[in-house]
Structure formats: C-alpha cells, structure tokens
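Read through the structure below, which is laid out as structure tokens, and then see the notes.
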Amino acid sequence: MDFIITEDQATLTQGVRDYLAGVHGPELLRALDTSDSRRSADVWRGLVEMGLPGLLVPEARGGLGLSLLDAVLIAAELGRAGVAEPLADTALVAAPLLAKAGGQDALLGAIAAGEAKVALQHPVNPWVADLEDASHILSVKNGALLLTERSGDSELLDSVDPLRRLYAPVAASGVDVGSADALLDHAALIAAAQLVGVADAMLEQATDYAKNRSQFGQPIGSFQAVKHHLATAVVKIEFAKPVIQRAAVALAEGTASASVHVSHAKLAAADAAWAMSETAIQTHGAMGYTYEVDLHFWMKRAWALAGAWGDRAFHLARIDAAVIGGALPIGPGHSFA
Amino acid sequence: MDFIITEDQATLTQGVRDYLAGVHGPELLRALDTSDSRRSADVWRGLVEMGLPGLLVPEARGGLGLSLLDAVLIAAELGRAGVAEPLADTALVAAPLLAKAGGQDALLGAIAAGEAKVALQHPVNPWVADLEDASHILSVKNGALLLTERSGDSELLDSVDPLRRLYAPVAASGVDVGSADALLDHAALIAAAQLVGVADAMLEQATDYAKNRSQFGQPIGSFQAVKHHLATAVVKIEFAKPVIQRAAVALAEGTASASVHVSHAKLAAADAAWAMSETAIQTHGAMGYTYEVDLHFWMKRAWALAGAWGDRAFHLARIDAAVIGGALPIGPGHSFA
Amino acid sequence: MHLAYTPEQQDFRAEVRAWMEANVPKEPLVTLEREDGYHQHVEWERRLASGNWGMVTWPEAYGGRGLDLIQWLIFEEEYYRAGAPLRVNQNGIFLLGPTVMEFGTDEQKARFLTPMAKGEVIWAQAWSEPNAGSDMAAITSKAIRDGDHYVISGQKTWSSRASFADWGFGLFRTDPESKRHKGLSFILFDLNAPGVTRRPIRQLHGDPGFAELFFDEVRVPVENRIAGEGEGWNVAMATAGFERGLMLRSPARFQAAAERLVKLFRAHETKAAPAAREQVMQAWMDAQAYAYNTYAVASKIMAGGHIGAEASLNKIFWSELDRAAHRTAMQLLGASAELRHLDGGALNMWLEGYIFSLSGPIYAGSNEIQRNIIAERLLGLPR
Amino acid sequence: MHLAYTPEQQDFRAEVRAWMEANVPKEPLVTLEREDGYHQHVEWERRLASGNWGMVTWPEAYGGRGLDLIQWLIFEEEYYRAGAPLRVNQNGIFLLGPTVMEFGTDEQKARFLTPMAKGEVIWAQAWSEPNAGSDMAAITSKAIRDGDHYVISGQKTWSSRASFADWGFGLFRTDPESKRHKGLSFILFDLNAPGVTRRPIRQLHGDPGFAELFFDEVRVPVENRIAGEGEGWNVAMATAGFERGLMLRSPARFQAAAERLVKLFRAHETKAAPAAREQVMQAWMDAQAYAYNTYAVASKIMAGGHIGAEASLNKIFWSELDRAAHRTAMQLLGASAELRHLDGGALNMWLEGYIFSLSGPIYAGSNEIQRNIIAERLLGLPR
C-alpha cells in the first residue's frame with residue numbers, strides 16, 4: 001500500500017508541462033481560435049515528437065506502455081495547457097482500450113507514430129469530438145464497442161468552446177473491441193483529469209490577476225474576500241486529485257468497483273472546475289467578462305468537460321446505486337473497496 | 001395592491017420589542033434555564049398585561065382582533081427575545097383557529113384574559129410543546145382538529161433547547177373545530193415568523209461581538225471575511241421577511257394557494273436562521289461554543305423551530321406538487337397567484 | 001397590506017397584454033451585442049415608444065404615462081410574459097433617466113428625457129476606467145472648463161452599449177487637483193462628437209457587448225453637466241442606487257427564467273440529479289421572494305419612503321439567484337450545455353443566459369463591494 | 001502507487017480487529033466532557049495501553065509499537081469500525097507527543113511519552129488566552145525565570161480537557177519585554193501544581209468541555225520547557241501543523257459518520273428532501289477523498305517528505321465535510337433533531353455530533369485563518 005506519485009511520473013509530467021508551456025500558450029489558443037480548422041499540424045507534430053500519442057501504446061508497438069495513472073497526470077497537463085487536439089481521446093482513451101482488446105497492433109503502431117487518430121462516439125454524448133480529424137472511430141451498438149475506419153462527413157456542431165470541434169454522431173459500425181461501459185469509464189476518467197488541469201490553470205490566472213490588479217491602492221489579492229474565494233477553490237481542486245488517481249488505479253486493475261471511483265472522480269473534478277470558473281471570473285471582475293484575457297478559453301472548457309462523458313446526474317446515479325443501494329461496502333476499513 | 005406594513009403595525013411591533021427587551025433579556029433566559037419549570041408566572045403576567053394573549057382574539061371576546069399579518073410581526077419579536085412561554089401557540093395559532101371555528105367564545109375570552117393556554121398536537125411533530133402548562137389541547141384525528149380540556153400527564157421529552165418543554169403526544173379527542181391542515185399551516189407560519197426573529201437576534205449578537213472583540217489589534221468586524229459572512233446572512237434574512245408577510249395575507253384571506261406560500265415562508269425562514277446560526281457561532285469563535293455567551297439559546301431555538309411544524313422535506317414536497325406538479329400558475333404576472 | 005390588484009390595475013394589465021400580444025416580434029431578435037441585433041432592438045424601442053410604453057412611470061410631458069411603481073411592475077410582468085426583447089436603452093431609461101429626473105434642470109429634462117423615452121437616443125454608460133473599476137473614486141479622466149465648454153480627455157472602459165449607442169454619461173474630474181470622491185462631475189456626451197474613439201471589446205460570448213472609449217479633447221457644452229460642478233460623486237451614487245435598487249432588474253425577468261427552468265426540469269426530470277429538483281424549486285422561490293420584496297420597496301417609495309443601502313441586498317440577491325438558476329439549467333442540459341444551438345437549431349438560451357448571469361455579481365458594483373456596504377452601512381461594522 | 005494492503009498489513013488489521021472486538025465496551029461511555037465520563041475514558045485509555053495500542057507509531061521504548069503511518073491508518077480504521085470511544089488523551093498523543101518526539105530531549109521523551117502512551121497522564125492543551133484566540137501571538141501569560149524554575153502567571157482559556165486532566169502544555173512569554181511571536185517558550189506544567197486554578201467552562205451542549213486556567217506564581221522546573229527559551233513559537237507552529245495535519249482527525253472517523261448517515265438516509269428515504277440524497281452521497285465521497293488524501297500524505301511522509309501549509313487544506317476539508325454531514329442528518333431527523341434522546345431513549349448522537357462539528361471550523365486555527373494561510377503561503381498572495 002502506497003499512495004504516491006513516483007519521481008519518474010513527476011518528471012514525465014513536469015516535462016510535458018514545460019513543453020506545452022513553451023509551444024501551447026494562450027497566444028497559440030488565440031491563433032487557433034481565428035483559424036478555420038482550429039487545429040494545427042505543427043502542434044500535432046510537436047506532440048508526436050514528444051512521444052505523447054504513444055504514451056499508453058505497448059512498448060512492442062512503438063509506445064511507452066505507461067499506465068492509466070500516468071495517463072491522468074498527463075491529461076491534467078493537457079487541460080492546464082488548454083490542448084484541444086484529439087490527443088486525449090486517441091492516446092489516453094482509445095489506445096489503452098485497443099491494447100486491452102488485442103489484435104489491433106497495426107492501429108496501435110499508427111497511433112504511437114501520430115498517424116492515426118481515433119474519435120469516440122458514445123450515446124451519453126450528443127456529439128463526437130474531432131470526428132473529421134479522425135482516421136478511426138470507436139462507437140457503440142447494443143452495449144458493444146465497435147471499431148472502424150472513419151468515412152464520410154458529419155454535421156459540425158457549434159460549441160461555446162471555440163477550440164472544440166464537435167460533430168453530430170454517425171451510424172455505429174465496425175468490429176467488436178470491447179464494451180461501451182469501458183469506453184465511458186476511460187473517457188470519463190480522462191475528462192476528470194483534464195478538468196483538474198483546467199481548474200489549476202484558472203486558479204493560476206486568477207491568482208496572477210489578483211497579484212497584479214490594484215484597486216483602492218493595493219493589489220486586489222490583498223483583500224481577504226479575494227483570498228478566501230481562491231483558498232476555497234484550492235481546497236476543492238486539491239481534494240479532487242487523489243480521487244482521480246485512486247480511480248485510475250482501480251480502472252487499470254479492473255477492480256469491480258472501478259466505475260464508482262470513476263464517477264466519484266468525474267464529480268469531484270467537475271465540481272472543482274466549475275466552482276473555480278466562477279471564482280476566476282469574479283476575481284477578474286469586468287476584465288474576466290472579456291475575450292481579452294485568456295480565462296474564457298478555460299472557463300468554456302470547464303463547462304464542456306463537466307457535461308461530457310456523463311453529467312452530474314449520470315455519475316451520481318452510479319454512486320447512488322453503489323452507496324445508497326448498498327452494492328459497495330462502505331465505512332472505516334473500506335478505504336479501497 | 002400595496003405591500004406595506006402600516007404605521008400602526010410598526011408601532012405595535014416596536015412596543016412589543018421594547019417591552020420584551022426590558023423584561024425578557026438574556027438574564028431572564030439564564031434564570032429560567034436553572035429553574036425547574038423553565039416558565040415564569042411573572043413573565044406570563046407581564047405578557048397578559050401587555051394584552052399579548054388576546055392579540056388575535058375578536059374584540060367582542062376581549063381581544064384586539066388583529067390579523068395574521070400582525071401575528072407574524074409579533075411572532076418575530078417573540079423569536080427575537082427568545083420567548084419560550086406558550087404564547088405563540090396559544091395566542092397566535094390557536095386563537096385565530098378557534099375564532100374561525102366559532103362557538104368558542106368562552107375559551108377565547110379566557111385566552112384573552114391569559115387564563116387559558118392551548119397546546120398544539122399534530123402528527124407532523126413527535127412532541128407537543130408545553131402540554132402540561134396548557135388548559136386545553138388541540139389535536140388531530142382523521143384529518144380533523146379536535147379541542148378538549150387537557151387532563152392527565154405525559155412524559156417530558158428532553159430538548160436541546162433548555163427552554164422548550166416538550167411532551168410525548170397523547171390520545172387525540174374532543175370536539176371538531178376545524179382541519180388538521182389549518183393547524184399545520186397556521187403553526188408553520190408562526191414558526192417561520194419566530195425563526196426570522198431568532199435569526200435577527202443572532203445577527204445582532206454576532207455583529208455586536210464583531211464590533212467589540214479585537215484580534216490582531218483591531219475589531220474582528222473590520223476583517224472582510226467576517227463582514228462578508230454577516231452580509232451574506234443579512235441577505236437571506238431580509239428576503240425571508242416579505243415571503244412570511246405574503247403567506248400571512250394569503251392564509252388570512254383563505255387564498256387557495258395559501259399552503260404553498262406558508263411552505264415557502266417556512267423554508268426561507270428556516271434556511272435563513274440555520275445559516276445565521278452557523279455564521280453567528282463562527283463569528284464568536286471559541287466563545288460561541290460556550291454557554292457563557294447568550295448565542296446558544298437562539299441557535300438551539302433555530303434548530304428546534306427549523307424542524308417543527310413540517311421540516312424541509314415536508315414543505316418542499318408541497319412546493320414540489322404546486323410548482324413542478326403544475327398546480328400553481330407560475331411566471332411573470334403570477335406574483336400573487 | 002393589500003395584496004390584490006384594483007380593477008384599474010387589472011384593466012391596465014389587460015391593456016399592456018393586448019398591446020404586447022399584437023406587437024412583440026414573433027421571432028427572437030439577434031443579440032443586441034451585435035450591430036444587426038442592436039438596430040433590431042432600437043427598432044423595437046421605437047415601436048414601444050409608438051405605443052407610449054417607453055417609460056410608463058415618467059410624466060406625460062417627457063413621453064411617459066405618469067403611472068405609479070405598481071403599474072410599472074405590472075407593465076414589466078406583461079413585458080416579460082410576452083417574451084419581449086431586452087431593452088437596449090436600459091442605461092438610459094433605468095439609470096440616467098431617474099438621475100436627470102432627480103438632479104436635472106427643466107431644460108435638461110426636456111432635452112434628454114423625451115428622446116430617451118421615444119427611443120430616439122440610445123445611451124451608454126461610461127463609469128469604469130482601466131484603473132477605476134470597483135474603486136470608482138480612482139477616476140482620472142478629465143473635463144477641463146474652457147468657457148462654456150468642458151474639454152474631456154482620458155479613457156473609459158467596459159462601457160455597456162457604447163459600441164453602437166448615440167450618447168454616453170459618466171463621471172469626469174473637473175478639478176484636476178482633486179482626489180478621490182471630490183472634484184468629479186456628472187457629464188453627458190455625444191458618442192459621435194469629434195475626439196471620441198470607440199473600441200468595441202469582445203465579450204465572453206464573442207460579441208462586442210461593451211467598449212473602451214478614448215477621449216481626445218472632446219468639447220462638451222457645460223449645460224450637459226448634471227447638477228453642480230464637483231457634485232458628480234453624489235449624483236453617481238444616486239444613479240448607482242437606482243441601478244442596484246428597484247428598476248434595473250425587474251422581478252418579472254427572474255420569474256420568467258424560473259418558469260422556463262421548471263419546464264426544462266420537467267423535460268429532463270427522469271435523468272436529473274436529485275438536488276436539481278430542489279434547485280429548481282429554489283429558483284422559483286427566490287424569484288417570488290424577489291418579486292414580493294420589489295412590491296414592498298415600490299409600496300414604500302410610493303408612500304414617501306426611499307431605498308438606501310438596502311439596494312445592496314437586492315443586487316446580491318438577484319445576481320446570485322440568476323446565476324444559480326442558469327447554472328442549474330446548464331447542469332440539466334448536461335453534455336448539450338456547451339452547444340450554442342440545441343435540437344432544431346434554436347439558440348441555446350440557457351448557455352447565453354448563464355454567460356450573462358456571470359456578469360451579474362460583477363457589474364453595477366461587484367458583490368464584494370455590496371457586501372462591504374451592507375456590513376459597514378447596514379450593520380455598522382468598522383471600515 | 002500501489003493501492004492494496006500487503007499480507008502483513010492484512011494480518012495487522014486482523015490483529016487490531018480481534019483485540020477491539022474483545023475489548024471495546026459494549027455500551028457507549030458517558031461523554032468525556034463530564035467527570036464520570038472522563039474517568040470512564042481514562043479507564044479505556046489504560047485498557048488500550050494494556051494491549052500496547054496507546055500509540056502504535058511510537059518507538060517501543062516509549063510504549064509504542066514502532067509501526068508506520070499506513071499501519072496507523074489501518075489501526076484507526078479498525079478503531080472506528082469497532083465503535084471504540086473517543087481518545088481522551090488526544091491532546092497528548094496527537095499534539096504534544098509528536099512535538100516532544102521532534103523537539104524534546106531524550107530525558108523528556110522518557111519522562112513524558114511513556115506515561116502518555118500508557119494513559120497514566122492525561123494532557124490538556126493551553127493555547128488560547130482571552131485576548132489571544134485566532135491571534136495567538138498576542139499571548140501575555142508570563143513564565144519568569146527564577147533559578148532552575150519558571151514562575152508562571154496569567155490566564156489561559158478554552159483549554160480542552162483541562163477540567164479534569166493531569167498535565168497541560170502551552171506557550172508562555174519568557175521574555176517579558178518581547179512582542180508578538182518572539183520571546184515565547186513552550187512549557188509543560190502539572191495542572192495540580194500549587195497556584196493553578198481551573199474554572200470549567202460550560203459548553204454549548206451544557207457540559208464543561210474546556211476550562212479556563214489561572215496561574216498564580218506557579219513554579220515549573222526549567223526542564224519542563226521543550227526546545228530553547230524563546231523558541232516556543234516555532235515549536236507551537238509545528239504542533240499546530242500536527243493538529244491541522246495528519247493525525248488529529250483520522251479519515252476513519254468521517255468514514256464511520258458517512259456510513260451511519262447512509263443508514264439514516266435509508267431509514268428516512270421516503271420522506272427526505274430531494275437534495276438530502278445528494279448530500280448523503282457527498283458525505284461518502286468527501287470522507288473517501290479525505291481518506292485517499294491522508295493515505296497520500298502518509299505515503300509522502302514515509303518516503304521522506306513533509307507536510308507544510310497544505311495542512312490548512314486538510315483542516316478546512318475535514319471540518320466542513322463533518323459539519324455538512326451532521327447538518328444533513330439533522331435535517332433528515334426533522335422535528336426529532338432537537339431531541340436529546342431518540343426513540344427507545346438512546347442518545348441522539350447526530351445532535352451531539354452536529355454540535356461538536358460546529359467547533360471544527362473554529363478550533364485548531366479558525367478556517368478564516370486557514371484560508372489566509374492558503375492564500376498567502378500556498379498561492380503567494382500579498383499579506
């Protein structure tokens with residue numbers, strides 16, 4: 001029993017953070033916002049060079065063979081940097097599912113090489129992200145997870161998040177590679193992990209603003225009201241992180257209760273990010289209501305990911321069945337049930 | 001259409017407030033707390049001399065013939081002063097019910113004279129307040145409200161509120177004088193009104209403490225965190241008051257939706273008082289956790305009245321049926337539906 | 001207290017309802033934060049004025065109907081009941097109008113109020129400056145007297161409606177040596193005057209809802225000053241009182257939102273989170289409480305009373321109930337909340353409404369400032 | 001990260017469970033805030049010590065078992081699972097113990113830790129003074145050096161356990177000329193020494209949970225000072241860190257409360273408010289999150305790390321989840337919530353627990369102070 005992030009994990013995470021801070025800052029988000037595709041081949045190339053698409057691809061297929069715990073740490077960095085490229089869906093959700101399914105060596109190799117991208121379609125969402133950018137699509141029929149190459153077009157939907165590219169769902173088809181529930185759990189976990197990164201980014205922006213913006217002759221961050229708003233947000237964010245890590249381990253190990261832990265993680269992360277978004281705009285004042293500060297990119301991502309891959313009601317229903325329904329043993333001695 | 005407290009009403013209310021501030025201060029509460037009966041014949045005599053038991057008794061029966069709107073204003077003063085004497089139950093709940101029932105002239109006269117006291121028993125409460133102090137009892141059987149003289153004893157229950165005298169319910173009996181629902185609505189309204197008075201008292205105590213207690217070389221009330229806690233509480237309290245007044249008018253006029261407005265009033269008042277209680281103890285710090293400051297009397301009253309005469313769940317269920325169920329017209333133009 | 005409408009009030013309600021039914025556009029207008037939508041909304045203001053509905057409480061001499069505040073509340077209820085468009089001239093009719101009525105000369109009333117009520121002149125507010133937001137006394141924009149004119153230089157920001165409006169009002173430092181609350185004057189200016197540059201600011205939702213204003217020696221006649229020179233702070237505080245107080249957010253707006261939220265909940269009931277049910281009820285309860293309180297304030301004012309620091313209570317209550325109601329809707333929409341258009345292509349009004357609700361706790365004096373006011377002025381806590 | 005117990009850890013859990021099942025009193029003890037209950041709880045401490053369970057993480061030389069923090073967490077889980085009594089010596093074992101371990105001399109460790117682990121000496125804390133609550137640096141109680149003794153004069157208040165305990169610890173001003181954080185020393189004293197007067201303070205629930213202490217020239221040997229003269233503030237900050245940090249509130253306590261709350265909800269499900277269902281789930285989720293975080297902190301410390309200002313996050317999280325869980329229970333109980341005894345005469349533990357939970361956001365540094373610490377030390381906002 002040890003609940004700790006290894007030094008290797010911390011080093012890898014910091015490396016990704018530093019890389020993204022360099023190439024994927026707010027200037028890039030603004031440039032993408034005014035581009036037609038909202039995507040950048042250069043950025044994708046960089047992510048591929050960093051080896052990110054192959055993080056969870058088995059080493060034999062050209063990847064790093066990392067775990068879901070690594071995945072949630074990296075996903076948080078993608079959230080922090082505001083990355084909208086379909087990296088999370090392909091590398092952190094599809095890759096481990098395909099690796100587990102077996103028989104998808106070629107596709108896994110292509111993912112690791114940055115040549116294949118997988119779009120994720122599930123009935124819990126009324127949209128599919130990055131569909132037209134994808135080479136493959138995982139979709140759901142009768143509870144089964146189907147894999148096929150993507151073909152044909154779909155209607156582009158308009159997200160409030162200018163960097164998200166959402167499409168109307170298409171007909172499900174392909175070969176059976178697992179279960180719909182597995183897709184949902186993996187994607188919800190990665191969404192949760194991105195959400196805490198998004199929350200951390202908003203916290204940092206709000207904190208910086210509070211240090212630098214002066215009113216009444218002093219930085220607004222010296223006012224106790226501002227301090228306490230931000231401190232309250234930090235508590236929620238920091239206590240979501242171990243929940244996500246616990247869920248990642250449970251899902252990786254196939255623990256029977258993994259779905260419950262994923263739901264807990266999604267709820268904790270979405271609540272923390274949503275609360276942080278309201279705290280962040282309030283800290284920024286009228287400036288926060290403009291497109292001129294960067295905050296809005298992350299606020300919108302928070303709203304989007306909070307509803308994605310199971311909203312509050314969906315995940316609460318799973319907690320309900322487990323905890324109130326009695327399917328899960330609870331109480332002292334059941335910390336890791 | 002006018003939503004205003006008249007000068008007469010304001011004068012009467014202020015008179016009661018001033019009187020109670022003189023004779024029913026914290027010292028009295030402390031004295032009662034160490035007495036066996038927790039009641040004072042002197043205090044009751046004073047209340048009778050002020051004419052309070054007869055406020056809602058018709059003038060022909062020796063009372064003042066006031067309205068339920070007057071009743072909620074007076075009830076708030078009883079809450080503010082921490083009055084636990086069975087005045088509210090007898091004078092503000094039982095009297096108008098009996099006056100409406102008709103045929104109870106003698107009893108109404110005795111109430112106005114301070115000679116009769118009526119205990120209220122309803123299945124929504126697992127207790128009856130001041131049973132053994134009462135000459136009469138209103139109780140409920142098959143939805144009907146029954147009146148009888150009280151006889152025999154009952155088990156004394158132990159309330160956290162040292163001044164409340166609660167007894168186990170007794171067998172219902174007597175003559176039919178109305179409906180169980182009418183008792184519930186009247187009593188819930190008066191409980192709501194007392195709750196805002198209780199909340200106001202806690203607000204005043206916390207504000208005074210914040211002005212006088214110094215830490216870090218300044219009154220703690222100069223710290224923005226303390227200011228904002230208290231300001232938030234004020235908003236809740238002040239916005240509960242018009243809801244109570246609106247409910248009083250609806251109940252007095254027999255408006256079809258009166259029960260919904262009473263439930264709204266009870267919810268708003270209980271939420272405001274409960275929130276104020278937590279704000280008040282937090283403002284007082286460790287001192288608030290002691291019996292040495294007066295606050296605890298009002299905190300305990302808030303907890304008690306919040307659960308009395310229909311708890312949150314009970315009153316929410318009535319709002320639910322009306323608003324979500326569609327029984328009540330809602331939206332602009334239905335401010336007074 | 002008498003909580004029933006008189007026959008006259010009922011007749012008035014029927015009259016408003018009939019006019020609204022006949023005149024409110026069947027299709028929603030484009031947002032007034034965009035140029036095309038702005039002009040649609042101006043068109044609507046003029047249509048309202050054609051029915052003499054510009055501002056019912058104003059004297060007939062200034063384009064009003066001389067009605068009382070209860071009638072105004074009835075008007076607002078019918079306005080929102082009919083789903084009528086937002087008032088593009090809100091800054092004028094609800095903020096500047098009452099200010100001119102209270103502090104203006106007869107000449108100023110005639111000159112400014114009538115065109116305002118008729119929708120002929122649309123007003124922007126110009127309170128904030130880059131370094132004077134919550135701290136409005138830090139204003140540095142100057143208006144230097146030069147004969148019978150002021151010469152204005154400086155910058156304002158977050159000016160709502162200023163991207164497209166005709167005129168603006170704000171505080172300027174007429175005594176360049178003065179500090180803080182002193183030496184400020186309340187001045188009205190033509191947004192098309194030489195020397196005024198507008199830079200629309202893109203808002204959260206992507207549209208230019210407010211603007212930055214740059215003043216380069218803009219000449220404004222002295223008769224555009226409201227009240228005395230150097231008395232601007234008190235005038236502005238009164239205006240801010242109107243803003244936070246009775247009129248800026250009529251309860252009907254929130255009652256309409258609560259009604260829509262109840263309908264949304266019914267449509268999503270089977271897959272809603274347990275607490276959503278309670279949040280929806282709370283939205284209705286809070287909208288009703290706000291309505292009762294507004295009727296109470298209106299009654300008090302009609303009886304000769306006035307509204308002071310209590311206005312801060314209102315500001316906090318409506319802004320937080322509005323945000324909570326829209327947040328609940330966003331959660332009910334779940335994975336669809338982020339879509340700008342919902343099934344069938346209709347604009348996702350809950351998303352738009354949630355975004356707008358986020359400005360509520362910020363503008364017209366942030367809720368932090370309001371809580372300071374409540375603590376210091378209502379409770380008497382030390383500054 | 002490896003989230004499974006080793007066979008050794010499982011064996012240890014089984015050993016604790018067996019001992020608790022055999023030894024935990026079948027009937028709940030009287031509250032330790034009353035004299036009779038206090039003595040019952042001291043009895044229990046000694047029984048625990050007889051099984052060598054006084055403080056499992058301490059070295060065997062001081063009455064411990066030399067176990068690690070994960071084993072401590074397992075111990076705590078089994079402790080709460082068995083419904084064992086509150087630890088009357090909590091101030092000693094969780095606050096003073098770690099302080100002596102870190103700052104004490106070998107002589108002090110031997111003198112104080114072993115009797116503590118054995119339940120022979122029960123400790124009170126004596127931090128606050130009437131004018132030094134949140135502002136602990138305002139302490140004025142003096143300890144003036146006189147040869148090999150200090151002479152203590154002054155007053156402490158809100159001293160938990162001090163009504164009945166044997167010894168106390170706190171900060172005293174050893175340099176009478178000093179101000180604020182300087183010139184303070186951390187001193188242990190015998191509560192039965194001549195010149196110490198205890199005045200029990202009645203708490204919210206009516207029992208004398210803490211006491212006021214008056215010191216009238218109390219002579220205390222210099223060897224009762226922990227660490228150097230004038231270094232008291234740093235020692236106390238470390239102690240406060242322990243208090244807010246890992247050990248004061250073990251997650252098992254909240255997991256037990258959440259489990260009971262789920263059961264209460266099931267019994268009241270048909271007449272519960274809609275949001276109660278969600279609040280109950282939140283109580284379970286928060287207790288679990290607190291458990292994960294505690295395991296993470298324990299793992300970090302075992303790997304050589306330490307806990308700093310993050311302790312303030314813990315303090316806020318557990319105190320607010322505890323209050324919320326008990327508030328939910330009070331609401332589920334409805335009109336019965338106020339009763340001190342429920343059906344069948346059993347003590348209303350939810351009422352008692354709610355009252356106790358109200359102290360959580362106040363003591364061990366109020367949550368306002370904790371939020372200041374988070375903002376200033378973790379986020380770097382200006383003081």
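Reckoned from all heavy atoms, side chains included, excluding hydrogens, waters and symmetry mates. By convention in this document, chain letters (A, B, ...) are assigned in the order of the sequence lines, proteins followed by strands, and residues within each chain are numbered from 1.
With a 4.5 Å cut-off on non-hydrogen atoms, H284(A) does not touch chain C at all. Interface remark: A272(C) contributes backbone atoms only to the contact with chain A (heavy atom separation under 4.5 Å). Contact annotation for I281(A): both backbone and side-chain heavy atoms come within less than 4.5 Å of a heavy atom of chain C. Of the atoms belonging to V124(A), it is backbone heavy atoms, and not side-chain ones, that fall under 4.5 Å from chain C. Using a 4.5 Å cut-off between heavy atoms, P208(C) makes no contact with chain A at all. For A132(C), the part lying under 4.5 angstrom from a heavy atom of chain A is the backbone only. For a residue to count as touching a neighbouring chain, one of its non-hydrogen atoms must lie under 4.5 Å from one of that chain's; by this rule L351(C) touches chain A with the side chain only. The parts of A286(A) that come within reach of chain C are both its backbone and its side chain, each placing non-hydrogen atoms under 4.5 angstrom from that chain.
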Starting from the C-alpha separation in whole Å, work towards a yes-or-no answer on side-chain hydrogen bond (donor to acceptor under 3.5 Å, both in side chains) for N367(C) and S319(C). CA-CA 9 Å; N367(C) 285 14; S319(C) 62; 2.9 Å; yes

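Of the residues listed (F169(C), Y363(C), F210(C), W158(C)), the one engaging W127(C) in a ring pair (Phe, Tyr, Trp, His ring centres under 6.0 Å) is F169(C), and it is the only one.
In terms of heavy-atom pairs under 4.5 angstrom with chain C, the leader among F223(A), W309(A), W274(A) is W274(A). Per-residue counts of heavy-atom pairs under 4.5 Å with chain A were compared for R199(C), R180(C), H341(C); the largest is that of R199(C). Per-residue heavy-atom pair counts under 4.5 Å with chain C were compared for R213(A), H296(A), R312(A), and the maximum is reached by R213(A). Ranked by heavy-atom pairs under 4.5 Å with chain C, the first of Q282(A), H315(A), R164(A) is Q282(A). The residue among P162(A), A308(A), G285(A) with the most heavy atom pairs within less than 4.5 Å of chain C is G285(A). Counting heavy-atom pairs closer than 4.5 Å to chain A, the top-ranked of the candidates G133(C), A138(C), G209(C) is G133(C). Of the listed residues (A275(C), G206(C), A276(C), G334(C)), the one with the most heavy-atom contacts under 4.5 Å to chain A is G334(C). In terms of heavy-atom pairs under 4.5 angstrom with chain C, the leader among L305(A), T290(A), D33(A), D311(A) is T290(A). The greatest number of non-hydrogen atom pairs below 4.5 Å with chain A, out of S128(C), A337(C), S359(C), is found for S359(C).
Residues S160(C) and N91(C) bring a donor and an acceptor atom of their side chains to less than 3.5 Å of each other.
The main-chain N or O of Q125(C) is found under 3.5 Å from a side-chain atom of S159(C) such that the two form a donor-acceptor pair. With hydrogens and angles disregarded, no donor-acceptor distance shorter than 3.5 Å links the side chain of K266(A) to the backbone of I190(A). Of the possible donor and acceptor atoms, none in the side chain of R371(C) sits under 3.5 Å from a partner among the backbone N and O of S366(C).
At least one test fails for R165(A) against the ring of W127(A): distance under 6.0 Å to the centre or angle within 45° of the axis. Geometrically, K156(C) engages F172(C) in a cation-pi contact, judged by NZ or CZ lying under 6.0 Å from the ring centre and within 45° of the ring axis.
The contact list for residues 261-271 of chain C toward chain A, using heavy atoms and a distance under 4.5 Å, reads K271(C) by residue number.
Taking the six-membered ring for Trp and thresholds of 30 and 60 degrees, H205(C) and Y289(A) have ring planes more than 60 degrees apart, a perpendicular arrangement.
Other residues, nucleotides and ligands contribute only 12 or fewer heavy atoms inside 6.0 Å of the CD atom of E204(A). Within a 6.0 Å sphere centred on CG of N212(A), other residues, nucleotides and ligands contribute more than 12 heavy atoms. By the 6.0 Å contact criterion, CD on Q218(A) is enclosed, its count of non-hydrogen atoms from other residues, nucleotides or ligands being greater than 12.
For K227(A), the side chain to side chain donor-acceptor pair (under 3.5 Å) partners are E376(D), not counting sequence neighbours.
Closest heavy-atom contact between M299(A) and L358(C): CE-CD1, 3.7 Å.
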